[in-house]
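Numbered from 1 within each chain, the chains take letters A, B, ... in sequence-line order. Note that these values count all heavy atoms, side chains included, but never hydrogens, waters or copies made by symmetry. If you're wondering where the values come from, they're calculated on a predicted model, not measured in any experiment.
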Amino acid sequence: MSLQREDVEKIAHLARLAVPEEELEHLRGELAGILHLVEQMDELDTGDITPMAHPLEMTQRLRVDRVTEENHRDQYQAVAPLVENGLYLVPRVIE
Amino acid sequence: MAWETVIGLEIHVQLTTKSKIFSGASTRFGAEPNTQACLVDLGFPGVLPVLNEGAVRRAVLFGTAIEAEIARRSVFARKNYFYPDLPKGYQISQYELPIVGRGHVEILLENGERKRIGVTRAHLEEDAGKSLHEDFHGYTGIDLNRAGTPLLEIVSEPDLRSAKEAVAYAKKIHQIVTYLGICDGNMQEGSFRMDANVSVRPVGRKEFGTRTELKNLNSFRFLERAIDFEVERQIDVLESGGQVVQETRLYDAQKDETRSMRTKEEANDYRYFPDPDLLPLVIEDAFIEETVKGMPELPEARRRRFEEEYGLSAYDAEVLTATRPQADYYEAVVAVAGDAKLAANWMMVELFGALNKAGLSLEVSPVSAEALGGLVKRIADDTISGKIAKTVFEEMWRSGRAADEIIEEKGLRQITDSSAIEAIVDEVLAENAQQVENYRNADPKKQPKMLGFFVGQVMKKSQGKANPRQVNELLRNKLG
């Protein structure tokens, strides 16, 4: 699978990563290599195989529906850059 | 050109668990901002989500209620996007393998026919927090109390053909989830939120037109108006030679119109992948059996039972089973009153009338089901007439006292002693000799109407307490 420079730019933007112009070509090559590695699996017939959702051969444990957490807002907000009236403040989001 | 509307709904149902879907923080509504947001909800590094059994059981109940297949293996996935009320940068949801598969519900159309609407799937996911855009001097305030609240997203097939059908379907889903008790159904608090996918196509064409998505409709009225507006808009665009753009639109209730959200095109590139923090959810038969064992009676079944067991009309049964509190109230009235049809009439006419007038819901009715049952019982056993009962009801509504207490205190007990009634009848006949003669000389066809005059006089003399049936009988005998 060929990967274009624009694909790398798009992926970086979706992940909100600022990739310097001069690194784009290098990254394109590395990502294309990973995709090539995965592509090799297309040679195998995997029709009868259940797609793996997790590397562990285990299933999800369930938690009893009970409130176990207390209010620690002050401690959690001590590391926040800006708070007011109990709210976290972030740069304005225009809807 | 004639156009056909095609609608599919996505409904987000907040589940009634005490704690969140992946953490032990409380889901209670209305708490101080961020006092119910723990480290998992805040997306701190190093925390691990653990799935809430209560959320899984509620999804299983819903799937069973719509006769859907419950997936024996389902997988949680990360839906990636950036927004400040989603601290992790992804929402944990289900994508390729949802917990509830294809099911269906039936809706009642305006012409009385029933129509089956397909449910494509329903999946578990976490809710996001809330953004407050006002009053923060250029900043947005974030409250993460809601982050991590369990949601069941219910996706319908594009089977709906009008705004009215969409509303009927949404109301049916609302009825089912509130009957099951898996959602409180409170739309003001956002417990039940709807998105509508709307498109139009020329009648007879198989392919769907380009659709738009109307987001976050939180009332049935807005759902109907938003779809009606959007259908008109799309038809106008197409008939003037334009093309519908696939996009998300917001409904503005004040202006009664939908507006483009102008989202960037990559906004829908969510890059789902299985969440490595969560293992596949495997559901055994025993878990399903245990969950559905205590499943409450569903609205459809209850409606049929009301018709059979209580002899109610289809209409009455439909109205009384519309909500679970209503059906519960009715059955409590019948348990005391004995007479099921009379109980239905009194509940639907007098009680609903009074509640409507006062702008109250049934849950806060000043007259309890037991109290109303006590009143209906006294009509059924002839202690009071239906007319007097209305006076008693008004007094019960005002004072909250029991019917028997009011009947005794005010001496409203109906006169059923036939000699006492006969005495009054005789008095009335003696006082109205002319009318008696007129009656006897009248055309027999006109007599029933003329009898009303005498009945009225007797009732007046007895202060409304004479048994009307006995009064009629006595008068007919004496005049005949």
Side-chain angles (χ1 to χ4, degrees), chain A residues 3-4 6-19 31 34-35 38 41 46 48-95, chain B residues 17-20 22-28 31-42 44 50-57 73 75-77 80-85 87 89 96-97 131-133 136 138-144 250 261 266 269 271 274-276 278-282:
Chain A
L3 197 67
Q4 308 301 314
E6 296 77 58
D7 295 324
V8 180
E9 282 172 346
K10 188 186 171 200
I11 294 164
H13 175 70
L14 284 171
R16 299 294 187 275
L17 293 173
V19 178
L31 286 171
I34 294 169
L35 289 175
V38 177
M41 279 201 283
T46 54
D48 294 336
I49 297 172
T50 308
M52 187 174 74
H54 201 280
L56 295 179
E57 285 279 326
M58 290 165 69
T59 59
Q60 180 62 37
R61 292 272 296 268
L62 299 177
R63 183 174 56 79
V64 174
D65 178 24
R66 211 171 45 219
V67 175
T68 52
E69 291 291 332
E70 289 164 11
N71 173 22
H72 296 298
R73 184 176 75 181
D74 291 347
Q75 282 138 285
Y76 300 156
Q77 294 198 332
V79 296
L82 270 178
V83 292
E84 190 176 307
N85 298 333
L87 296 162
Y88 294 91
L89 293 191
V90 299
R92 191 176 190 103
V93 186
I94 310 292
E95 288 230 292
Chain B
T17 55
K18 293 183 187 71
S19 63
K20 293 189 176 170
F22 298 118
S23 82
S26 171
T27 55
R28 193 170 55 87
E32 281 289 299
N34 292 306
T35 54
Q36 292 173 177
C38 71
L39 292 172
V40 173
D41 310 324
L42 295 172
F44 267 63
V50 186
L51 184 57
N52 184 338
E53 178 189 322
V56 176
R57 288 202 190 274
R73 178 174 175 274
V75 171
F76 285 90
N80 299 280
Y81 67 94
F82 288 99
Y83 205 76
D85 58 23
E96 285 173 320
L97 296 169
S131 303
L132 300 139
H133 301 287
F136 296 102
Y139 288 90
T140 293
I142 303 291
D143 177 7
L144 295 168
L250 273 186
M261 275 177 77
E266 80 264 16
D269 197 343
R271 294 149 295 140
D275 190 333
L278 289 153
L279 292 153
L281 171 63
V282 170

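- Only the backbone of B:S23 comes within contact range of chain A, judged by heavy atoms closer than 4.5 Å.
- Under the 6.0 Å cut-off for aromatic ring centres, B:F76 and B:F22 qualify, their centroids lying closer than that.
- When side chains are defined from C-beta on, A:T68 does not count as touching B:S19, because their heavy atoms never get closer than 4.5 Å.
- With a 4.5 angstrom heavy-atom cutoff, B:L278 touches chain A via backbone and side-chain atoms both.
- The candidate with the highest count of non-hydrogen atom pairs below 4.5 Å against chain B, out of A:L56, A:D65, A:L62, is A:D65.
- With a 4.5 angstrom heavy-atom cutoff, A:P55 does not touch chain B via any of its atoms.
- Neither the backbone nor the side chain of B:S131 comes within contact range of chain A; no heavy atoms are under 4.5 Å apart.
- Residues passing the side-chain hydrogen bond (donor to acceptor under 3.5 Å, both in side chains) test with A:Q60, sequence neighbours excluded: none.
- Looking at B:R28, there are no atoms closer than 4.5 Å to chain A (heavy atoms on both sides), in backbone or side chain.
- Residue contact with chain A, scored on non-hydrogen atoms closer than 4.5 Å, involves the side chain of B:V56 exclusively.
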Going through the distances and angles, do B:E53 and B:R57 end up as a salt bridge (charged side-chain N to carboxylate O under 4.0 Å, His left out)? CA-CA 6 Å; B:E53 178 189 322; B:R57 288 202 190 274; 2.9 Å; yes
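- Interface remark: A:V83 contributes no atoms to any contact with chain B (heavy atom separation under 4.5 Å).
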